[in-house]
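Report on one structure; see the data block that follows.
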Amino acid sequence: MNYDRILIRYGEISTKGRNRTKFVEKLKRSAKRALTKFPNIIIETTRDRMYILLNGENGEGIIEKLKILPGIQSFSPVIKTSLDLEEVKEAALQLFLNNYKVGDTFKISTRRANKDYPLDTGQLNYALGSHILQNVPDLKVDVKNPTIDVQVEVRTEAVYLSIETIMGAGGMPIGSSGKAMLMLSGGIDSPVAGYMAMKRGVEIEAVHFFSPPFTSERSKQKVVELAEKLSLLNGGYFTLHIVPFTAIQQLIQKQIPENYTMTATRRMMLRITDEIRRKFEGLAIVTGESLGQVASQTLESMLAINDVTSTPILRPLITMDKSEIINIAKTIDTHHISIQPYEDCCTVFVPAAPKTKPKLEKVQYYESFVDFEQLIQEAVDKVETIQIKPDDDKKDQVFGELF
Amino acid sequence: MIYFDNSATTKPFPEVVDSFVKVSSEFFGNPSSIHRLGVEAESLLAQARKQIGELLQVNPREVYFTSGGTESNNLAIKGTALMYRNRGKHIITSAVEHASVREAFQQLKELGFRITVVPVDTEGRVSISDIEDAICHDTILVSIMHVNNEVGTIQPIKEIGNMLKGYSKILFHVDYVQGVGKVALDIQRYHIDLCSISAHKFHGLKGTGVLVVREGVQISPLFSGGNQEWKLRSGTENVAGAVSMAKALRLTLQSYKTKLSQISEVQSYLLKELQALEDIVIHTPSKGQAPHIINFSVKGFRGEVFVHALEEKGLIVSTTSACSSKKKAISHTLLAMNVSKEVAESAIRMSLSYENTLEEASKAVSIIQTTATELREVMH
């Protein structure tokens, strides 16, 4: 039994008053981008619903893509039949059998928008329900708490049947909240922070600090893989800025007392990220900080680090527990990438006893003896910007004829 | 030469060999190494996994590389048994499985597992109710092949999967080695937990295969070592093999789309023409069979005699499955289908690829016909 359309229910968009049309447009654009692999689909939008007409495209593949798209509350694959009762009965049965396993109970929920239809709601429920009951042995109806709810919507042009309601990612369509730079380390937290900001409609570009030879090609590869995962929320497109950071880190090691190197390093990273943000016209910076998780994430540290900029810093994970963060990382499929054991620039130079309560005046004082300005500008100028695109284009470029 | 023994193995596509050579010589790094060569090798492996996942319509994370069908089957069956031996000690299979499944079951039997071997009907097909009747409170695995390697019967995998989805403690393994590229199988929708394929059956290279393990399903590894393949299959990855397998699968599935009618036509031609010959019994069912296998007996001659006689005239076929044909064993499948021992001893298997043509088929028929006549003259 093939579905011929997918009905999409908007998330918070529908409460957004006058901006609604703009949000719906963003979602449509997002969906279109995510579904470029399916050229025959047609996307129709109405005030409170969006429909994807499959036109013979693979429904399962489309469902997988939609599940992660921000701005969708839930969606249902739908079958369209004519108004002919026999056809409706048969379609309902087939749909039911596709989802049925022994022990399930069911009910029929009919909505009859077409008031001219010869059968009323109760009669339709009865006709379809009894047809299924006759064809499935030992099946029971349970109108209060069914395992399978066959939803039937009778309209003037056709009848639409669906069973599954698949939960979407929620949130708002990407781009509806402006752009921000994500500080992406390679650990478990920062991709999750990026995901949460994207879910809230923020368009994200990531900034990663790379310190060869102290950090390996592998750790960079890992970050590219994480960026690829995040790109899936945005139809496969994502921008990643790689900052050459070795010189600055070496200078910090040389010039700053050991227990303050971590604080100074974070301050430099934030300054550079802020420069990149300005260059690419972002409005905020997103980090994966979670309060008290490590030395750099105490309130004292944040005060000392945050001092370098007045740009809003979004910390979506700030009050979350590690276990909650890990759960999200697993859902968005970044956890197994993050836990690969490659050094990143934060773990290489970690001092034996970093200050958990650094003092702002002290770090300012230590930094005042060193001129970082020029190195910062150089780092920003030498940023390598990687544009991640949907897989299909990429595959041909890289190893081409091998596959 | 007419090569009609594609179920034993296929000739690798030249493009596949090229990929293998190129990856072996230019990207020889160990995927676990941390330098650039290692990174390249790993990303090739990842891309192979992704392509195979997409082609089989499963998540790439569900694709585990192995050395082939036999290893995949052993890993699926013994890995399940090892993992869940405290949950239950009963496992179910059919009477027509490949030796790597059959013997794995025998080995587990010796280790204290109870095994049920469900019978097949005269077409070589299992019945779903037989399987369901065999299920006990401590059943942990059902292993049923998709396409039988000797006669080509397609098993009702969809229905078995649907039935088994009501039993959450039982894993479902499908040996898809003969079916892949010839008969579609919806691994996800049919509720298959473990699924084996082997590259050399679809113009890939020997020594490469895949076990698909559905996400969330855990089985025990059989090899101890460096914990490659998410700890399920230790041993340095065969990157060149994996890449060339990904290519072979892509090319084969392309043929599946464009040449399925051609191979089916060749098969029906052979079935029809052979049926018309004297003293020939066809074992391949005419409905619900894979499009590439034709199994028949020429009454009165042992299979191997006929195979050798055909080979002299340039037609390459086999007796039963390649694995058992050297051992003079009588086909398990045919005996299970209630074919008499005498007729089963005469069995011949022809197996096609998308490369075979009607012209070859018509030559083959006339070779079979003359050979039968000549041999009969000698015997009388």
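Chain letters run A, B, ... following the sequence lines, proteins first, then strands; residues in each count from 1.
Under the rule for a salt bridge (charged side-chain N to carboxylate O under 4.0 Å, His left out), A:K107 has no partner lying at least two apart in sequence or in another chain.
For the atom pair NE2 of B:H200 and CG of B:L205, the computed distance is 10.5 Å after rounding to the nearest 0.5 Å.
Nearest heavy-atom pair across A:N99 and A:D104 is O-OD2, 3.8 Å.
At a 4.5 Å heavy-atom cutoff, the contact between A:N58 and chain B is made by side-chain atoms alone. Contacts between B:A46 and chain A at a heavy-atom distance below 4.5 Å are absent for every atom of the residue. Contacts between A:E60 and chain B at a heavy-atom distance below 4.5 Å involve the side chain alone, from C-beta outward. Proximity to chain A (any heavy atom under 4.5 Å) is shown, for B:F20, by neither the backbone nor the side chain. In this structure, chain A has no heavy atom under 4.5 Å from any part of B:Q188.
Here A:K229 pairs with A:D333 in a salt bridge; the nearest charged N to carboxylate O distance falls below 4.0 Å. Ion pairing between a basic and an acidic side chain is recognised when a charged N comes within 4.0 Å of a carboxylate O; B:E62 and B:R214 show no such pairing. Ion pair B:K50/B:E54 flagged as a salt bridge, since at least one NZ, NE, NH1 or NH2 atom sits closer than 4.0 Å to an Asp/Glu carboxylate oxygen.
With respect to chain A, the highest number of heavy-atom pairs below 4.5 Å among B:R250, B:K165, B:E42 belongs to B:K165. Counting heavy-atom pairs under 4.5 Å between each of B:L251, B:L44, B:N162 and chain A puts B:L44 at the top.
B:R49 forms no cation-pi arrangement with B:F65, by the criterion of a distance under 6.0 Å to the ring centre and an angle within 45° of the ring axis.
By the 4.5 Å heavy-atom criterion applied to side chains, A:L161 and A:T81 are counted as neighbours.
Crowding of A:N40 atom CG: a count of heavy atoms from other residues, nucleotides or ligands under 6.0 Å exceeding 12.
Proximity to chain A among residues 230-248 of chain B is limited to B:V243, B:A246, B:K247, judged by heavy-atom separations below 4.5 angstrom.
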